[in-house]
Amino acid sequence: MKNLASVSVIKDILAASGFKFSKSLGQNFLIDENVLSKIVECSAIDKNSGVIEIGPGFGTLTQRLCMAAGKVVAIEIDKTAIPILEDNLSDFDNLKIINEDVLKCDLHKIIAAEFDGMDVKIAANLPYYITTPIIMHILESALPVCSLTVMIQKEVAMRIAAKEGTKDYGALSVAVNFYSEPEVVAHVPPSAFIPQPKVSSTVIRLKLRDKPPVVVADEKGFFKVVRAAFGQRRKTLLNALSNSPAIPLDKQGISKVLADCAIDEKRRGETLTLQNFADISNRIF
Ligand code: SAM
């Protein structure tokens, strides 16, 4: 079997197949053995694991996942990559390749059909143009999944892992922390990919929570408060919430809610913990 984590092997495949990397599909393929091992190791994949890989490309990560897992389902949008992927991974009988957009697949159905009784994990070197939509789609879908280990743009990883009171903390940090516990695994330079991306990358592991870390009466209302608070970052909490059409209270009403929560109305959204957001939204919605 070919080791796909190699520039010369990838170049041979390109020459033989006429495949052209698509910038618009975020095709930056991994060629660094250590990074590939790290993704597989920190996903804690074993023979009882069913793994969904998003965007297998030529199958460099897929190869490792198939060796470690009981079964792998790889979902790739680019139909021109499919014959190459099938050829590269023809040795594995525990792999299913699906040619679809991951955002349009019925992941619940795939998990029920393919991974009966297995621990389900998701692993990917994600296409950077839709990193956040893919992560949020998976987290909000309430899939029976233990973890999501993904390579993403470093800047996005820093926003996800940011703590309150820091400049990177925002609606994305709150949303991802509501559904999961993020852990930064490793930073990865552009030289680990072909072609090289313009940005640095980070492997991040999201351990999905059984239930959110705060009690929220109305989840949609909770996220309305979060979006309103960060929508106008430089404004005080009182102004940001009362300027938002999504919050059904006037300035006086919001002032009372904040006082009841013992939160200074001059604070900014970026200083609030998940518990603060829950306290506020539970008094409004
Ligand atoms: N896993 C391969 C690797 O590490 O070498 C390729 C990773 S590359 C960063 C991202 C892959 O995701 C590409 O193969 C691209 O075609 C695929 N992709 C892009 N958008 C997608 C989508 N919406 N659904 C499924 N795959 C997608």
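We count ligands from 1, going down the list as the structure has it; atoms in each ligand are counted the same way.
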Revision key, fill the gap. Sequence neighbours excluded, the answer for side chain to side chain contact (heavy atoms under 4.5 Å, CB included) partners of E265 is L238, S255, L258
Practice item. Using heavy atoms and a cut-off under 4.0 Å, could you grab the residues that are in contact with ligand 1, chain by chain, numbers ascending? Key: L25, G26, Q27, N28, F29, L30, E53, G55, P56, G57, T60, I75, E76, I77, D78, E100, D101, V102, N125, L126, P127, Y129, I130
Point to revise | Validation row, ring centre F277 to ring centre F178 under 6.0 Å | key: no
Review point. Do F223 and F285 have their ring centres less than 6.0 Å from each other?
Key: no
Check your understanding: Does atom CG of D116 have more than 12 heavy-atom neighbours, drawn from other residues, nucleotides or ligands, at distances under 6.0 Å?
Key -> no
Check your understanding: Does N99 use its side chain to pair, donor to acceptor, with the backbone of E76 at less than 3.5 Å?
Key -> yes
Exercise for review: Would you confirm whether Q63, through its side chain, and K2, through its main-chain N or O, come within 3.5 Å as a donor-acceptor pair?
Suggested key: yes
